[in-house]
Amino acid sequence: MSNKIALYCRSGFEKECAEEITDKARKKEIFGFAQVKKNSGYVIFECYKMKDVNKLIHQLSFRELIFSRQIIIIGELLKDFSEKDRITPIIDSLSNQIKEAGDLRVEVADTNESKKLLRFCRKLTVPLRHALKEKKILLTKECLQPIVIHVFFITISTCYTGYSYSINNSPFYMGIPRLKFPSDAPSRSTLKLEEAFHIFIPYNEWEQRLQSGMNAVDLGACPGGWTYQLVKRNMIVHAVDNGEIAKSLIDTGQVRHHRIDAFKFQPKFNNITWLMCDVVEKPAKVAALITKWLLNGWCQSAIFNLKLPMKKRYENLSHILYKMQNQLKQKKVNVHMQTKQLYHDREEVTVYVQRIYNRVL
Ligand SMILES: C[S@@+](CC[C@H](N)C(=O)[O-])C[C@H]1O[C@@H](n2cnc3c(N)ncnc32)[C@H](O)[C@@H]1O
């Protein structure tokens, strides 16, 4: 039985990841401490009580976590493998933890230093998968089994073995969706919005939520990476920015460029589904702007970036999000809200808000 979980995060944000898991576990009366190694790309959270790991994994939704890319229940660190046989100790360790898993991921933390180790993980995956299937720890056919095995390499001779549940984890290898930069997009930040769609909107809702013909507003749109994503989905976009928007976007006939201040722009018609905002401004000011749009009923859903304050990031961000949720609640605007530091986010996080309408019977 284990009392530890591993959380993957952006390198440099281990402190925020640790503060968040400690805080959110404490709110569920689960106490423990986080081991943090700067720029390692992961955090280990150790519960004081053995049985609390299970409680934590069942009560804390992965979607609630801002700074974690993945959450895994792990055993003790395996050390000093023989170069000749790394598979046997991994299998022995896993056989004490689980049976009948549906998937295997051999992973590393996302740091520059781990790139070489990642190549080794890829090589190890095939023989390890084969051996796990022989021992019936991994099922022979990839199926809808809820358990995912993770073998998390720290160095070539040390790793954690563990597992996550597919209903409460990131479905992506290393917690990172692999996206290809579209060569005709005006900026690399196009990937940020595309990733946000993958992270926040379940695939079975894409057709309905990202429909052709929808109206969208993109605040701080230039040069047009986010607008590109909307245009690609055949939406009509109001791009608000004093800068220059890519001509290729204007040429589609789907984009109207408004050269005005995002904080003064108001939609003329009540038909905006999506509000996007990537303006570089103080996070509290951006949050207040989005709150205004939601309170006025000017949009149905929003995706926006909050640049992280330099000090006490987790504390300040929590305060901003709490204030926003409270203001909406007070005015009886029901929303579903989720915040994540995406792979393509640097010193920032991305927030998704969807208005929920109560059905009148
Ligand atoms: C990070 S860039 C946006 C990149 C864009 N999302 C893309 O994918 O290409 C920030 C943009 O916000 C714009 N901006 C900053 N303050 C603004 C304001 N008050 N009103 C409108 N645009 C603003 C800047 O001109 C800049 O083009």
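Hydrogens, waters and symmetry mates play no part in the numbers below; they use all other heavy atoms, side chains included. Please read all numbers here as calculations on a predicted model, not as lab measurements.
- Cluster membership for V108 and V151, using ILVMFWY side-chain heavy atoms within less than 4.5 angstrom, is shared.
- No side-chain donor from either of K51 and N54 sits under 3.5 Å from a side-chain acceptor of the other.
- A distance-only check finds no donor-acceptor pair linking the side chain of N234 to the backbone of G213 [under 3.5 Å].
- With a 6.0 Å radius and a threshold of 12 heavy atoms from other residues, nucleotides or ligands, K323 has its NZ atom at or below the threshold.
- Linking Ile, Leu, Val, Met, Phe, Trp and Tyr residues whenever their side-chain heavy atoms come within less than 4.5 Å leaves Y42 and I73 in two separate clusters.
- More than 12 heavy atoms of other residues, nucleotides or ligands sit less than 6.0 Å from atom NE2 of H336.
- Side-chain N or O atoms of Q341 include none that pairs as donor or acceptor with a backbone N or O of V349 at under 3.5 Å.
- By the neighbour-count criterion of 12 heavy atoms within 6.0 Å, atom CZ of R346 is sparsely surrounded, having that number or fewer from other residues, nucleotides or ligands.
- The two residues L138 and G102 have their closest heavy-atom pair at CD1-C, 3.8 Å.
- In the hydrophobic clustering (ILVMFWY side chains linked at under 4.5 Å, chained through shared members), V126 stands by itself.
- Put simply, the side chain of I87 reaches to within 4.5 Å of the side chain of P127, judged on heavy atoms.
- Applying the salt bridge (Lys or Arg N to Asp or Glu O under 4.0 Å) criterion to D278, with sequence neighbours excluded, gives K192, K307.
- Remark: the T161 side chain and the Q97 side chain contain an N/O donor-acceptor pair separated by less than 3.5 Å.
- Side-chain atoms of T190 do not come within 3.5 Å of backbone N or O of S187 as any donor-acceptor pair.
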For this session: Report the C-alpha separation of D85 and T88 in whole Å, then their side-chain angles, then the decisive distance to 0.1 Å, and conclude whether the side-chain hydrogen bond (donor to acceptor under 3.5 Å, both in side chains) test is met.
Result: CA-CA 6 Å; D85 180 16; T88 305; 2.4 Å; yes
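- Within a 6.0 Å sphere centred on NZ of K312, other residues, nucleotides and ligands contribute 12 heavy atoms or fewer.
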For this session: Any chance you could lay out the side-chain contact (heavy atoms from CB on, under 4.5 Å) test for N242 and I260, step after step, and finish with the verdict?
Result: CA-CA 6 Å; N242 268 319; I260 62 166; 5.7 Å; no
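- A distance of 11.5 Å separates CG of N334 from CG of L294, quoted to the nearest 0.5 Å.
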For this session: Give the C-alpha distance, both sets of side-chain angles, the deciding distance and a yes or no for side-chain contact (heavy atoms from CB on, under 4.5 Å) between F81 and I90.
Result: CA-CA 9 Å; F81 293 126; I90 292 176; 4.2 Å; yes
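- Side-chain atoms of E107 come within 3.5 Å of backbone atoms of M174 as a donor-acceptor pair (strictly under, hydrogens ignored).
- Going from atom NZ of K38 over to atom NZ of K15 covers 10.0 Å, rounded to the nearest 0.5 Å.
- Of all heavy-atom pairs spanning I147 and K99, the tightest one is CD1-O, 4.2 Å.
- Among all heavy-atom pairs drawn from E46 and K4, the shortest one is OE1-CE, 3.4 Å.
- Salt-bridge check for E347 with R313: passed, with a basic side-chain N closer than 4.0 Å to an acidic carboxylate O.
- Nearest heavy-atom pair across T111 and G41 is CG2-N, 4.1 Å.
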For this session: Would you please test N215 and T273 for side-chain hydrogen bond (donor to acceptor under 3.5 Å, both in side chains) and show each step?
Result: CA-CA 6 Å; N215 290 285; T273 303; over 6 Å; no
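- Side-chain contact annotation: S212 with R233, donor-acceptor N/O pair under 3.5 Å absent.
- Using a 3.5 Å distance cut-off with no hydrogens or angles, the side chains of Y314 and D23 do pair a donor with an acceptor.
- The main-chain N or O of Q70 is never found under 3.5 Å from a side-chain atom of S68 such that the two would form a donor-acceptor pair.
- Without hydrogens or angle criteria, R10 side chain to D345 main chain gives a donor-acceptor distance under 3.5 Å.
- Under the 4.5 Å side-chain heavy-atom criterion for Ile, Leu, Val, Met, Phe, Trp and Tyr, L210 and M214 are members of the same hydrophobic cluster.
- Between the side chain of W206 and the backbone N or O of I201, at least one donor-acceptor pair lies under 3.5 Å.
- Among all heavy-atom pairs drawn from T155 and F153, the shortest one is O-CD2, 3.3 Å.
- Side-chain contact between Q354 and V335 is absent, with no heavy atoms from C-beta onward closer than 4.5 Å.
- At least one side-chain heavy atom of I176 sits under 4.5 Å from a side-chain heavy atom of R69.
- In this structure, E14 contributes its side chain and N39 its backbone to a donor-acceptor pair below 3.5 Å.
- A donor and an acceptor atom, one from each side chain of Y228 and D184, are located under 3.5 Å apart.
- In this model, no donor atom of one side chain and acceptor atom of the other lie less than 3.5 Å apart for Y203 and E205.
- Looking at heavy atoms from C-beta onward, Q35 lies out of side-chain contact with V43 at the 4.5 angstrom threshold.
- Grouped with L191 in one hydrophobic cluster are L179, F181, the linkage being side-chain heavy-atom contacts under 4.5 Å among Ile, Leu, Val, Met, Phe, Trp and Tyr residues.
- Looking only at distances, a side-chain donor or acceptor of N168 sits under 3.5 Å from a matching main-chain atom of L60.
- Hydrophobic cluster membership is shared by L65 and I30, with clusters built from Ile, Leu, Val, Met, Phe, Trp and Tyr side chains linked at under 4.5 angstrom.
- In this structure, F152 has its ring center closer than 6.0 angstrom to the ring center of Y8.
- The shortest side-chain heavy-atom distance between I303 and F197 falls under the 4.5 Å cut-off.
- No side-chain donor-acceptor contact under 3.5 Å links R122 to the backbone of L118.
- Taking the ring centre of F62 as origin, the terminal cationic atom of K340 falls inside the region bounded by 6.0 Å and 45° from the ring axis.
- Here F45 and F33 keep their ring centres 6.0 angstrom or further from each other.
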Problem set entry | Working for side-chain contact (heavy atoms from CB on, under 4.5 Å), residues I5 and I21 | CA-CA 10 Å; I5 58 169; I21 189 67; 4.0 Å; yes
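- The ring of Y163 has its center no closer than 6.0 angstrom to the ring center of H150.
- Looking at heavy atoms from C-beta onward, W298 lies out of side-chain contact with I272 at the 4.5 angstrom threshold.
- For the atom pair CE of M276 and CZ of F304, the computed distance is 11.5 Å after rounding to the nearest 0.5 Å.
- Ring geometry, H58 versus Y165: the interplanar angle falls from 30° to 60°, so the pair is classed tilted.
- Here the side chains of D52 and L56 are not in contact, with every heavy-atom distance at 4.5 Å or above.
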Exercise. Are S301 and R209 close enough, and set up right, to give a side-chain hydrogen bond (donor to acceptor under 3.5 Å, both in side chains), and what steps lead you there?
Worked result: CA-CA 9 Å; S301 299; R209 309 281 323 283; 2.9 Å; yes
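- For H238 and W274, the ring centers sit 6.0 Å or farther from each other.
- Applying the 6.0 Å contact sphere to NE2 of H198 captures more than 12 heavy atoms from other residues, nucleotides or ligands.
- In plain terms, the two heavy atoms of K133 and L139 that are nearest each other are CE-O, 3.5 Å.
- Residues I199 and F172 form a side-chain contact, since some pair of their non-hydrogen atoms from C-beta on lies under 4.5 Å apart.
- T227 and D218 form a side-chain donor-acceptor contact under 3.5 Å, judged by distance and modelled atom types alone.
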For this session: Applying side-chain contact (heavy atoms from CB on, under 4.5 Å), run through E16 and E315 and close with a yes or a no.
Result: CA-CA 9 Å; E16 287 72 16; E315 192 183 318; over 6 Å; no
